[in-house]
Amino acid sequence: MAERFAGKVCVVNGAASLIGRAVADRFASEGALVVGVDKLAHSVGAQAVQADLTYESAVEALYRDVVRDHGRLDVIYNNMGLMDRGDRSILEMSLQTWRDAQDANLTSIFLSCKHGIPHLLNTEPSGGSVINSASFLAAVGSATAPMAYAAAKAAVVQLSRDLGVHLARSGVRVNAVLFGPIETPAQREILQRNPSVLAKRLVHWPMGRFGTLDEAAGTIAFLASDDAGFITGAAIPLDGGITEAFTVPE
């Protein structure tokens, strides 16, 4: 495989998740030095960092230390996300559930962009890529969606769009990925809490299947690479056609 990231330093936030690990492995396989970051203890990346990215001081220190230790920063992948069982309709949601969802899914990405992007701008040559994890729920209405999560992910899309336009002439590209269902035990567990839920959902998924970890990692690697050099401010669907479907094949 071509080493598109040879000599580059890539930070993967949320690295302890299966998607985060798959992305980190893909970056490393293409020559990157990967710094894996997660709130949980982990061993992902050439350097594994444990940090709570909802705390500004921790995020600021993370990026300062990465550049001090490795001399540069080229790619930031923000794989942050949290679903809470209390996150349903706002008519029955607690304020704390709402706040927790915004912190985990939006504030963490805001802080990562705020403190990471200046280092992309200061790396020689100036530039790089930021990819923010969002959801297809940011693009559609849903009777069953976790509303706080969906609202936070919609805000991530708008933040990515604005940053992409704001930074377009600087060499820094910012994009969001609208994740659909990716095959992980956690995703299946969410959909199988009620035995009939997955079967009902599959009827409305045009491809009729989950996406794979390899497909997710490949999409993130493409957006991080120079192959996507003319893409910024975009929300890229990674959902098997869900957000475009009105009817699906019989």
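Reckoned from all heavy atoms, side chains included, excluding hydrogens, waters and symmetry mates. The chain is numbered in sequence order, starting from 1. Quick caveat: nothing in here was measured; it's all calculated off a predicted structure.
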Residues N105, M80; criterion side-chain contact (heavy atoms from CB on, under 4.5 Å); working and verdict: CA-CA 6 Å; N105 296 292; M80 290 80 111; over 6 Å; no
Show, in sequence, the C-alpha distance, side-chain angles and deciding distance for E183 and R209, and conclude whether the salt bridge (charged side-chain N to carboxylate O under 4.0 Å, His left out) test is met. CA-CA 9 Å; E183 180 72 74; R209 66 172 178 86; over 6 Å; no
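Taking the side chain as every heavy atom from C-beta outward, S126 and L120 never approach each other to under 4.5 Å. Using a 4.5 Å cut-off on side-chain heavy atoms (C-beta onward), V11 and Y63 make contact. The closest side-chain heavy-atom distance from V130 to L163 is not below 4.5 Å. I76 is listed as a side-chain neighbour of S112, based on a closest heavy-atom distance under 4.5 Å. Counting heavy atoms from C-beta outward, V59 and S108 have side chains that stay 4.5 Å or more apart. Put simply, the side chain of H115 does not reach to within 4.5 Å of the side chain of R64, judged on heavy atoms. The shortest side-chain heavy-atom distance between D87 and M93 falls under the 4.5 Å cut-off. E56 places a side-chain heavy atom less than 4.5 Å from the side chain of K114.
Judged purely by atom type and a 3.5 angstrom limit, D38 uses its side chain to pair as donor or acceptor with the backbone of A15. Panel note: side chain R173, backbone A228; a donor-acceptor pair is recorded below 3.5 Å. Listed for the N79 side chain is a donor-acceptor partner under 3.5 Å among the backbone atoms of G14. Q102 places a side-chain N or O within donor-acceptor distance of the main-chain N or O of A148, the cut-off being under 3.5 Å. At least one donor-acceptor pair closer than 3.5 Å links the side chain of E215 to the backbone N or O of T212. Under a 3.5 Å cut-off, the side chain of H42 and the backbone N or O of G36 do form a donor-acceptor pair.
Both F110 and L121 are assigned to one and the same hydrophobic cluster, defined by single-linkage of ILVMFWY side chains at heavy-atom distances under 4.5 Å. Both V67 and V9 belong to a common hydrophobic cluster when Ile, Leu, Val, Met, Phe, Trp and Tyr are linked at side-chain heavy-atom distances under 4.5 angstrom. In the hydrophobic clustering of ILVMFWY residues, with side-chain heavy atoms under 4.5 Å counting as a link, L73 and L62 come out together. Linking ILVMFWY side-chain heavy atoms closer than 4.5 Å, directly or via other members, places V37 and Y55 in two distinct hydrophobic clusters. Hydrophobic clustering places L53 together with V35 (ILVMFWY residues linked when any side-chain heavy atoms are closer than 4.5 Å, directly or through intermediates).
Counting Ile, Leu, Val, Met, Phe, Trp and Tyr side chains that sit under 4.5 Å apart, directly or through other members, Y77 shares a hydrophobic cluster with F5, V12, L18, I19, V23, F27, V34, V75, I131, V177, F179, I182, L213, I220, F222, L223, I231, I236, L238.
Nearest heavy-atom pair, T243 versus P237, reported as atom, atom and distance to 0.1 Å: OG1-CB, 4.3 Å. For the pair S129 and A224, the tightest heavy-atom approach, listed with the atom from each and the gap, is OG-CA, 3.5 Å. Of all non-hydrogen atoms in C113 and P118, the two that sit nearest each other are O-CD, 3.9 Å. Listed here is the closest heavy atom pair of L106 and A155: CD2-CB, 3.6 Å. Across S133 and V156, no two heavy atoms sit closer than the pair O-CG1, 3.8 Å. Heavy atoms only, all atoms of each residue included: A139 and L178 are closest at CB-CD1, 4.2 Å.
Residues N78 and N13 have side chains that bring a donor and an acceptor to within less than 3.5 angstrom of each other. Remark: the T97 side chain and the D84 side chain contain no N/O donor-acceptor pair separated by less than 3.5 Å. Side-chain atoms of T54 and D103 form no donor-acceptor pair, as typed in the model, at a separation below 3.5 Å.
E92 contributes atom CD, which lies 10.5 Å from atom CD1 of I90 (distance to the nearest 0.5 angstrom). Of the inter-residue distances, the one linking E30 atom CD with K8 atom NZ reads 10.5 Å to the nearest 0.5 angstrom. With rounding to the nearest 0.5 angstrom, the CD atom of Q47 is 5.5 Å from the CG atom of D69.
More than 12 heavy atoms of other residues, nucleotides or ligands lie within 6.0 Å of CZ in R68, so this atom counts as buried by the packing criterion. Atom CG of D226 sits in a sparse spot, with 12 or fewer heavy atoms from other residues, nucleotides or ligands closer than 6.0 Å.
Listed by chain and residue number, D74 satisfy the salt bridge (charged side-chain N to carboxylate O under 4.0 Å, His left out) test with R72 (two or more places apart in sequence, or in another chain). Residues passing the salt bridge (charged side-chain N to carboxylate O under 4.0 Å, His left out) test with R99: none are found, sequence neighbours excluded. Under the salt bridge (charged side-chain N to carboxylate O under 4.0 Å, His left out) criterion, D52 pairs with K39, not counting sequence neighbours. Applying the salt bridge (charged side-chain N to carboxylate O under 4.0 Å, His left out) test to K153 and every residue at least two apart in sequence or in another chain returns nothing.
Within the structure, no pair that satisfies the ring pair (Phe, Tyr, Trp, His ring centres under 6.0 Å) test touches residues 117-171, not counting sequence neighbours.
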